[in-house]
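Everything quoted here is computed from the prediction, not taken from an experiment.
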Amino acid sequence: MKYPVNEVFETIQGEGTYTGVPALFVRLQGCPVGCSWCDTKQTWDVLPENKVTAEQVIQVDGTIGRWADHNGHTLLQAFQDKGFTAKHIVLTGGEPCLYDLTELTNDFVEAGYQIQIETSGTFEVKCHPDVWVTVSPKINMKGGYKVLDQALNRANEIKHPIATERHIEELDELLQYIDISAKTICLQPISQKARATDLAMKVCIARNWRLSIQTHKYLNID
């Protein structure tokens, strides 16, 4: 199976459970969710006129909405060709769960990589059972998609961006019928605003949850 890839690059994971871990980011093209604060809007549309060759999305500027077809084998070869050394792969987007990721994640796991998916939770998660799934639930977005119980139940980590008490209430409503006893719950202040950070810290301490800071933004890296 081929997947539309917007960009591939090696960096440090900046948020959530794997903060600080060297990572290969594989960003897939396509997302209908419509988050107003999205910082990768160039990935929303898979336009035929923006299709490029496979080599043109490896370690390049992904802010352009171009994309190329790749599968697990061509991506693994690209990692080798570029001399990438990270062993943690992050599948992100866009919305990666628009696609059945089973074949892709199987290839990566068989090659010895640790895999993480970052998803909005609005599409069914289909992947290898050993994959770490991070759901950052996108509630009441422009696209009109609901956060799925299947995605929340499959999640290993639920990482929720917050700015106000209402965002905490929305998360509570989502999780009321979900068993979170074995899940990592992270609160992530939106845009590093002081008020949001103070609220996130307060709730994390009260509930023994984890604070997720977007450290890549402070480090000025991708």
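- Applying the ring pair (Phe, Tyr, Trp, His ring centres under 6.0 Å) test to residues at least two apart or on different chains, none of the pairs has a partner in residues 182-206.
- Judged purely by atom type and a 3.5 angstrom limit, N71 has no side-chain atom pairing as donor or acceptor with the backbone of E103.
- Side-chain contact check for E118 and T92: at least one donor-acceptor pair (N or O, by modelled atom type) lies under 3.5 Å.
- Side chain of Q29 to backbone of D45: a donor-acceptor contact under 3.5 angstrom is found.
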Before giving the answer on side-chain contact (heavy atoms from CB on, under 4.5 Å), spell out for L24 and V8 the whole-Å C-alpha distance, their side-chain angles and the decisive distance to 0.1 Å. CA-CA 7 Å; L24 297 172; V8 176; 5.5 Å; no
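- The shortest side-chain heavy-atom distance between L175 and Y177 does not fall under the 4.5 Å cut-off.
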I'd like to know whether T63 forms a side-chain hydrogen bond (donor to acceptor under 3.5 Å, both in side chains) with Q42, so could you lay out the CA-CA distance, the side-chain angles of the two residues, the decisive distance to 0.1 Å, and finally the verdict. CA-CA 6 Å; T63 58; Q42 74 276 5; 5.9 Å; no
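- Considering L174, I168, I139 as possible partners of H160, the one that fulfils the side-chain contact (heavy atoms from CB on, under 4.5 Å) test is I139.
- Residues Y99 and L28 have side chains in contact (heavy-atom distance under 4.5 Å, counting atoms from C-beta outward).
- A salt bridge is defined here as a Lys NZ or Arg NE, NH1 or NH2 lying under 4.0 Å from an Asp or Glu carboxylate O, and R154 with D149 fails to meet this definition.
- In this view, D130 satisfies the salt bridge (Lys or Arg N to Asp or Glu O under 4.0 Å) rule with no residue, not counting sequence neighbours.
- A salt bridge links E15 with K159: at least one charged nitrogen is closer than 4.0 Å to a carboxylate oxygen.
- Below 30°, between 30° and 60°, or above 60°: for F25 and F9 the angle between ring planes is below 30°, a parallel geometry.
- Counting only residues at least two apart or on different chains, the ring pair (Phe, Tyr, Trp, His ring centres under 6.0 Å) pairs with a member in residues 128-153 are Y18-W132, F123-Y145.
- Side-chain contact between K183 and I178 is present, with heavy atoms from C-beta onward closer than 4.5 Å.
- Without hydrogens or angle criteria, T184 side chain to E157 main chain gives no donor-acceptor distance under 3.5 Å.
- A54 meets the side chain to side chain contact (heavy atoms under 4.5 Å, CB included) test with H70; sequence neighbours excluded.
- Checked against side chain to side chain contact (heavy atoms under 4.5 Å, CB included), D81 has the following partners two or more places apart in sequence or in another chain: Q77.
- Counting heavy atoms from C-beta outward, Y3 and L75 have side chains that stay 4.5 Å or more apart.
- With a 4.5 Å cut-off on side-chain heavy atoms, S120 and V147 do not count as touching.
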Derivation of the side-chain hydrogen bond (donor to acceptor under 3.5 Å, both in side chains) call for T19 and Q13: CA-CA 5 Å; T19 295; Q13 171 62 288; over 6 Å; no
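- The side chain to side chain contact (heavy atoms under 4.5 Å, CB included) test applied to D198 returns M201, not counting sequence neighbours.
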Run the numbers on K138 and S136 for side-chain hydrogen bond (donor to acceptor under 3.5 Å, both in side chains), then give the verdict. CA-CA 6 Å; K138 300 303 188 292; S136 183; 3.0 Å; yes
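- Ion pairing of E173 with R166 is present here, as a side-chain N (NZ or NE/NH1/NH2) and a carboxylate O approach within less than 4.0 Å.
- Taking 4.5 Å as the limit, some side-chain heavy atom of L171 sits within range of a side-chain heavy atom of I158.
- In this structure, V131 and Q116 have side chains that are not in contact, with every pair of non-hydrogen atoms separated by 4.5 Å or more.
- The shortest distance between side-chain heavy atoms of T85 and P22 does not fall below 4.5 Å.
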